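For reference, the structure discussed in these notes is given below.
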Number of protein chains: 2
Amino acid sequence: MSDGNTDVPRHIVSAALGPGLPAKVPAGEYEDCPVTQAVQMLGDKWTLLIVMMLAERPHRYNELRRRVEGISQRMLTRTLRVLEEERIVTRTVFPTVPPGVEYGLSERGRELLVPLAGLADWVIRGRAA
Amino acid sequence: MSDGNTDVPRHIVSAALGPGLPAKVPAGEYEDCPVTQAVQMLGDKWTLLIVMMLAERPHRYNELRRRVEGISQRMLTRTLRVLEEERIVTRTVFPTVPPGVEYGLSERGRELLVPLAGLADWVIRGRAA
DNA sequence: CTGTATCCCCGAAGATACTG
DNA sequence: CAGTATCTTCGGGGATACAG
């Protein structure tokens, strides 16, 4: 691993990297684990797909809406907001009229593609059975 | 990536590795993407925690039940069954009386820890803000 | 000890209508 | 165009009882 255990408390990741989990895992502590939060964010219904589309190129709001078949306006907005809060996507407003909004991957978002590709690799290797 | 695009159809991963997604993503095709399925499996309420516990050492059924605070019998069994079907965990029955069952990570399961550690690394780097 | 079977609840996600 | 507001629906997950 790049730089040994930073101060990530007693989180899930510790089992993969270091000493381990407590004898009894309090529900709250587990839910606070940032790795848990990451996979749960990526594991919801639309997040990964949207990240991958933005990995291709930036998209306008309605462009995403048309391309992601079946997503509701509500969920598209909500998903983008979460990704924005996590600093994975950037939101750029063009002060035209009517206004245009472009979503794209941030640097942190592009870095996310690396572990994601690692996961994809694991999936592909697993297909051999 | 290790060996170029295998025959993974037009799946999500393609955006990270190669040419890209269709102009309009049919909902069904997206749900069939194995990477999507992987993150969605890991992103449910208990899976990651259980994988991490089994990464430490094998556990008996009730041992897990006690250690994973708040999990219901139903969900523990269900989670383990899915992981077993995915060949991530192994299930070993000891024909004692009463019977004992031990769960552990398979080879494929241990390989999963690598991309997971990569994800953890990304999370840790992201804390710098 | 290691489960399966039922029933129930609540929150995530969809549908629809409206707005700057 | 890019959203917000409200209502509804659906299924993931909890509780409980029972079984091999």
Side-chain angles (χ1 to χ4, degrees), chain A residues 25-28 30-31 36-51 53-54 57-86 89-104, chain B residues 24-28 30-31 36-51 53-54 58-86 89-104:
Chain A
V25 177
Y30 162 61
E31 283 149 19
T36 295
Q37 291 172 351
V39 300
Q40 292 191 348
M41 187 187 68
L42 292 169
D44 80 350
K45 197 164 180 186
W46 303 106
T47 298
L48 181 62
L49 177 56
I50 289 178
V51 166
M53 286 195 166
L54 297 183
R57 57 180 175 81
H59 285 69
R60 298 275 295 271
Y61 181 87
N62 272 354
E63 194 178 6
L64 281 174
R65 194 149 90 88
R66 282 187 301 270
R67 202 169 170 206
V68 181
E69 191 131 313
I71 196 171
S72 65
Q73 231 167 15
R74 173 181 150 84
M75 286 317 293
L76 177 54
T77 300
R78 209 181 158 293
T79 302
L80 289 168
R81 288 286 175 278
V82 171
L83 287 169
E84 205 187 338
E85 278 161 27
E86 296 299 322
V89 313
T90 59
R91 177 176 184 274
T92 313
V93 180
F94 297 101
T96 57
V97 42
V101 180
E102 190 177 82
Y103 291 92
Chain B
K24 194 177 265 197
V25 177
Y30 162 61
E31 283 149 18
T36 295
Q37 290 172 352
V39 299
Q40 293 191 348
M41 184 186 70
L42 293 169
D44 80 352
K45 197 165 182 186
W46 304 107
T47 298
L48 182 61
L49 176 56
I50 289 178
V51 167
M53 287 198 164
L54 298 183
H59 284 69
R60 296 277 297 271
Y61 181 88
N62 271 357
E63 194 178 6
L64 281 173
R65 194 148 90 89
R66 282 187 302 269
R67 204 171 169 203
V68 181
E69 193 131 307
I71 196 170
S72 65
Q73 229 166 16
R74 173 182 147 84
M75 286 315 295
L76 177 54
T77 300
R78 209 183 157 293
T79 302
L80 289 168
R81 288 284 175 280
V82 170
L83 287 169
E84 205 187 339
E85 278 161 27
E86 296 299 321
V89 313
T90 58
R91 178 176 184 273
T92 313
V93 181
F94 297 101
T96 56
V97 42
V101 179
E102 191 176 82
Y103 291 92

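Every value quoted in this text rests on a predicted model; they were computed, and no experiment measured them. Chain letters run A, B, ... following the sequence lines, proteins first, then strands; residues in each count from 1.
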Between [X] and [N], does any side-chain N or O lie under 4.0 Å from OP1 or OP2?
{"X": "Tyr103(A)", "N": "dG3(D)", "value": "yes"}
{"X": "Tyr61(A)", "N": "dT4(D)", "value": "no"}
{"X": "Arg78(B)", "N": "dA5(C)", "value": "no"}
{"X": "Arg81(B)", "N": "dG3(C)", "value": "yes"}

Exercise for the section: Assign the ring pair Trp46(B) / Tyr30(A) to parallel, tilted or perpendicular, where the plane angle (0 to 90°) is split at 30° and 60°. Expected result: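 If you compare the ring of Trp46(B) with that of Tyr30(A), the planes turn out parallel.
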Problem - salt bridge (Lys or Arg N to Asp or Glu O under 4.0 Å) against Glu102(B), all qualifying residues, sequence neighbours excluded - result: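 Glu102(B) satisfies salt bridge (Lys or Arg N to Asp or Glu O under 4.0 Å) with no other residue.
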About how many Å separate [atom2] of [Y] and [atom1] of [X], when rounded to the nearest 0.5 Å?
{"X": "Leu42(B)", "Y": "Leu83(B)", "atom1": "CG", "atom2": "CG", "result": "8.0 Å"}
{"X": "Ile71(B)", "Y": "Arg66(B)", "atom1": "CD1", "atom2": "CZ", "result": "13.5 Å"}
{"X": "Arg78(A)", "Y": "Lys45(A)", "atom1": "CZ", "atom2": "NZ", "result": "13.0 Å"}

Practice task
Please work out if Phe94(A) contacts a base, only the sugar-phosphate, or nothing of the nucleic acid, heavy-atom cut-off 4.0 Å.
Solution key: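 No contact.
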Would you mind reading off the distance between [X] atom [atom1] and [N] atom [atom2], rounded to a whole angstrom?
{"X": "Arg91(A)", "N": "dA2(D)", "atom1": "CZ", "atom2": "C1'", "result": "8 Å"}
{"X": "Glu63(B)", "N": "dC1(C)", "atom1": "CD", "atom2": "P", "result": "12 Å"}
{"X": "Leu80(B)", "N": "dG13(D)", "atom1": "CG", "atom2": "C1'", "result": "15 Å"}
{"X": "Gln40(A)", "N": "dG13(D)", "atom1": "CD", "atom2": "C1'", "result": "13 Å"}
{"X": "Asp44(B)", "N": "dA12(C)", "atom1": "CG", "atom2": "C1'", "result": "15 Å"}
{"X": "His59(B)", "N": "dT2(C)", "atom1": "NE2", "atom2": "C1'", "result": "16 Å"}
{"X": "Glu31(B)", "N": "dG11(D)", "atom1": "CD", "atom2": "C1'", "result": "14 Å"}

Practice task
Could you tell me whether a side-chain N or O of Glu84(A) sits under 3.5 Å from a main-chain N or O of Thr90(A), the two making a donor and an acceptor?
Solution key: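 Checked: no pair found.
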Practice task
From the options dC1(D), dC1(C), dA13(C), select the nucleotide whose nearest atom is closest to the side chain of Arg60(A).
Solution key: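 Nucleotide nearest to Arg60(A)'s side chain: dC1(D).
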Handout entry: Pair Glu69(B)-Val25(A), side chain to side chain contact (heavy atoms under 4.5 Å, CB included): steps then yes or no
Key = CA-CA 6 Å; Glu69(B) 193 131 307; Val25(A) 177; 5.6 Å; no
Problem - Interface residues of residues 64-77 of chain B with DNA chain C (non-hydrogen, below 4.0 angstrom) - result: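 Within this stretch, Gln73(B), Arg74(B), Thr77(B) sit under 4.0 Å of the strand.
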